Protein chains: 2
Amino acid sequence: MVSSEASRRVTIHDVARTAGVSRQTVSRALNDKGEIDGGTKQRVLDAARELGYRPSRFARGLVRQDTTTIGLVIPDLLNPFFTEVAAAALEAARARGWHVVVYDTSDSAEEELGTLQVIGSQVDAVVGYFSRPEDELDRFTRGIPVVLIGREHHTPRFSSIRVEGAEGVKAAITHLVNAGHRRIGMLDHAGRAEPSVRRDWFAAAVAAHGLEAEVVERAAQSVDGGAGALEALLAEHPDVTAVFTFNDIIAMGALRAARRLGRRVPDDLAVVGFDGLQLGTVVDPALTSVALDTRRLGALAIDQVARLLTGATPLSADELVVQAQLLVRESA
Amino acid sequence: MVSSEASRRVTIHDVARTAGVSRQTVSRALNDKGEIDGGTKQRVLDAARELGYRPSRFARGLVRQDTTTIGLVIPDLLNPFFTEVAAAALEAARARGWHVVVYDTSDSAEEELGTLQVIGSQVDAVVGYFSRPEDELDRFTRGIPVVLIGREHHTPRFSSIRVEGAEGVKAAITHLVNAGHRRIGMLDHAGRAEPSVRRDWFAAAVAAHGLEAEVVERAAQSVDGGAGALEALLAEHPDVTAVFTFNDIIAMGALRAARRLGRRVPDDLAVVGFDGLQLGTVVDPALTSVALDTRRLGALAIDQVARLLTGATPLSADELVVQAQLLVRESA
DNA sequence: TTGAAAGCGATACCAT
DNA sequence: ATGGTATCGCTTTCAA
């Protein structure tokens with residue numbers, strides 16, 4: 001009986017039969033090996049084309065253990081910061097001929113869990129952002145290298161790229177102080193319960209300059225969030241003449257709110273963001289920011305994966321650091 | 001002799017031996033099949049953990065032909081429009097449990113060729129943007145479904161999602177005319193030799209309203225490009241009170257140039273972009289735009305892939321269309 | 001409950 | 001130049 005519907009996969013065997021040769025001859029023809037007669041080769045190629053033959057990547061992968069595929073886990077690809085990191089990782093991976101499977105976890109712990117569950121069996125290494133506890137990560141990624149980005153600590157099990165911003169933030173505050181600002185506020189991120197590390201950097205920098213205790217408002221991570229927070233901050237503390245924000249998105253909201261309030265940037269109000277997004281150049285005035293080198297971030301992560309994968313000496317915690325640097329544009 | 005360096009892969013066989021059972025028992029334990037003694041199962045699990053065993057995705061894929069992986073080809077992930085499309089495709093694919101390998105071709109024909117060369121052997125279907133001729137695409141993707149985005153025509157070999165913007169652009173022009181504008185310019189894309197299709201839509205809409213022959217300036221695809229083009233346009237035609245742009249990026253440049261020239265938007269100059277990027281809300285005033293539903297675009301592409309993959313009736317050319325719609329925000 | 005054997009679809013090594 | 005055979009690592013019948 002002939003199978004009516006579900007057309008079985010065309011295998012190398014079918015091609016061999018159609019061309020009247022053996023399987024290995026087909027393999028030779030398709031992989032451009034030498035040691036094959038021109039005529040036979042053509043015959044095989046024709047048969048393959050005619051049958052619509054495609055080698056199984058699984059079968060092929062099984063025997064020649066080349067191709068590496070890494071999994072890149074991103075909380076939200078539409079967040080421009082993560083877009084930049086992803087693009088950087090993609091570029092670094094491409095340079096090595098690797099394939100990258102991208103997973104967007106939508107900022108959701110459940111999606112992250114779902115990703116974790118499938119990713120381990122699909123890739124040779126994992127890079128990215130995770131919020132779940134380490135023992136859980138370990139359970140699902142056992143046996144493959146994992147490089148975390150932006151986590152605070154490096155453990156023997158997980159490499160992690162640390163972001164070091166104290167210096168950069170200090171430079172930003174110095175820049176503001178030099179411009180005459182004395183009362184500097186911050187728009188922190190409202191997401192988590194505790195204040196952010198960036199806020200600690202800010203507090204330290206403000207203290208180092210002997211300025212008054214800082215004033216902080218918490219902002220939702222969006223343009224609107226930033227706008228609302230600036231309004232609130234200025235309502236309470238009209239004497240504030242400069243703000244540092246948790247990130248560039250919030251800073252853009254601040255920019256907008258400032259304009260609506262009739263405060264000119266940077267003259268009446270200086271704004272310094274964090275991240276140094278390319279996006280900062282589309283707003284007007286262009287955003288001054290404590291910038292992270294996202295390309296380096298991506299490259300570093302991929303480099304570490306490569307070392308872990310080949311058994312080369314991995315980079316130490318001290319080397320897995322990205323220093324933030326003040327990027328002066330127009331808003332401060 | 002014991003192999004010193006290259007630690008051989010840990011296979012199911014090793015686990016079986018360590019646990020003192022057969023390979024299929026290991027398989028049962030790991031895949032949570034029934035028909036296995038609790039004690040044995042635990043023993044196997046322990047052995048697996050101890051040895052750091054991970055099943056080979058190739059071997060597994062070979063026997064249970066499930067997991068589908070699609071390749072998503074994007075010219076430039078940092079271009080916000082493509083970011084949105086990519087995020088949409090990722091989301092639609094995730095909903096089906098598919099894995100997505102992302103390739104960023106850096107707007108380069110060579111990179112595109114490189115991608116084409118490897119992608120065919122790594123994925124079950126391809127979705128994305130290509131600039132190379134169809135016969136070349138065909139040569140490298142023979143046998144797998146390919147869904148093109150934004151190409152003008154659908155062929156039996158390649159499905160293609162078409163963007164239909166005539167209506168949306170017409171609505172935009174109508175909107176401008178209703179607001180009193182009579183002299184409307186366009187900032188077209190300077191990339192290719194010929195004028196863009198969007199310009200044709202613009203010309204048709206302007207003609208439909210019986211306005212004077214349109215004035216067009218060509219702009220490089222960047223904020224600066226848009227700014228420069230607007231300046232040039234206004235220098236030549238100071239009577240222009242509204243501009244329609246090839247895309248939102250160029251429109252943002254126009255916004256900036258307008259402010260620098262002292263033209264208030266939308267009062268002195270109305271600006272309408274194209275694409276409807278979310279990004280359009282970070283600038284001030286928020287950008288009015290002829291919007292493309294990128295989520296629908298991604299979902300449609302993935303839907304078509306699914307049909308092609310399962311042998312279901314594919315969507316016809318008429319169904320593979322995304323209609324652009326006027327999205328009024330603040331700049332016009 | 002467990003194990004033996006037969007594939008899955010390709011490539012590599014060794015004959016011929 | 002071509003074919004036979006073993007092999008990659010796992011899952012799936014089918015017996016026991």
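Bear in mind that the values here come from a model prediction, so they are computed numbers and not experimental data. Just so we're on the same page: letters track the sequence lines, and every chain starts at 1.
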Under a 3.5 Å threshold, yes or no: a donor from one side chain and an acceptor from the other, between [X] and [Y]?
X       : Y       : result
R94(A)  : T115(B) : yes
T141(B) : R157(B) : yes
T105(A) : E112(A) : no

#### Entry: Short N-O contact, D46(A) and R43(A), less than 4.0 angstrom
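So D46(A) does not pair with R43(A) through a salt bridge.
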### Query
Hey, where on DNA chain C does chain A first and last touch, going 5' to 3'? Cut-off is any atom under 4.0 Å from a heavy atom.
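Taking any atom under 4.0 Å from a heavy atom of chain A, the span is dG9(C) to dA12(C).
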### Message
Run the salt bridge (Lys or Arg N to Asp or Glu O under 4.0 Å) test on R96(A) and D303(A) for me, step by step, so that the C-alpha distance in whole Å, both residues' side-chain angles and the decisive distance to 0.1 Å come before the verdict.
### Response
CA-CA 10 Å; R96(A) 295 187 149 80; D303(A) 186 19; 3.5 Å; yes
### Task
Figure out the CG/P separation between D66(A) and dC8(D), and round it to whole Å.
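Nearest whole value for this atom pair: 16 Å.
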### Task
List the atom of Y103(A), the atom of G71(A), and the distance in Å for their closest heavy-atom pair.
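Heavy atoms only, the tightest pair is CE1-CA, 4.2 Å.
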### Query
When you look at Q304(B) and S159(B), which way does the side chain to side chain donor-acceptor pair (under 3.5 Å) test go after all the steps?
CA-CA 8 Å; Q304(B) 179 75 336; S159(B) 285; 2.8 Å; yes
### Task
Could you encode protein contacts along nucleotides 10-16 of chain D as a string, one character per nucleotide from 5' to 3', using B for base contact, S for sugar-phosphate-only contact and - for no contact, with a heavy-atom cut-off of under 4.0 Å?
BBB----
### Query
Is any side-chain N or O of T25(A) closer than 4.0 Å to OP1 or OP2 of dT2(D)?
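Answer no for this pair, as no side-chain N or O of T25(A) is under 4.0 Å from OP1 or OP2.
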#### Entry: Intermediate values then yes/no, side chain to side chain donor-acceptor pair (under 3.5 Å), E319(A) and S316(A)
CA-CA 5 Å; E319(A) 298 169 300; S316(A) 68; 3.2 Å; yes
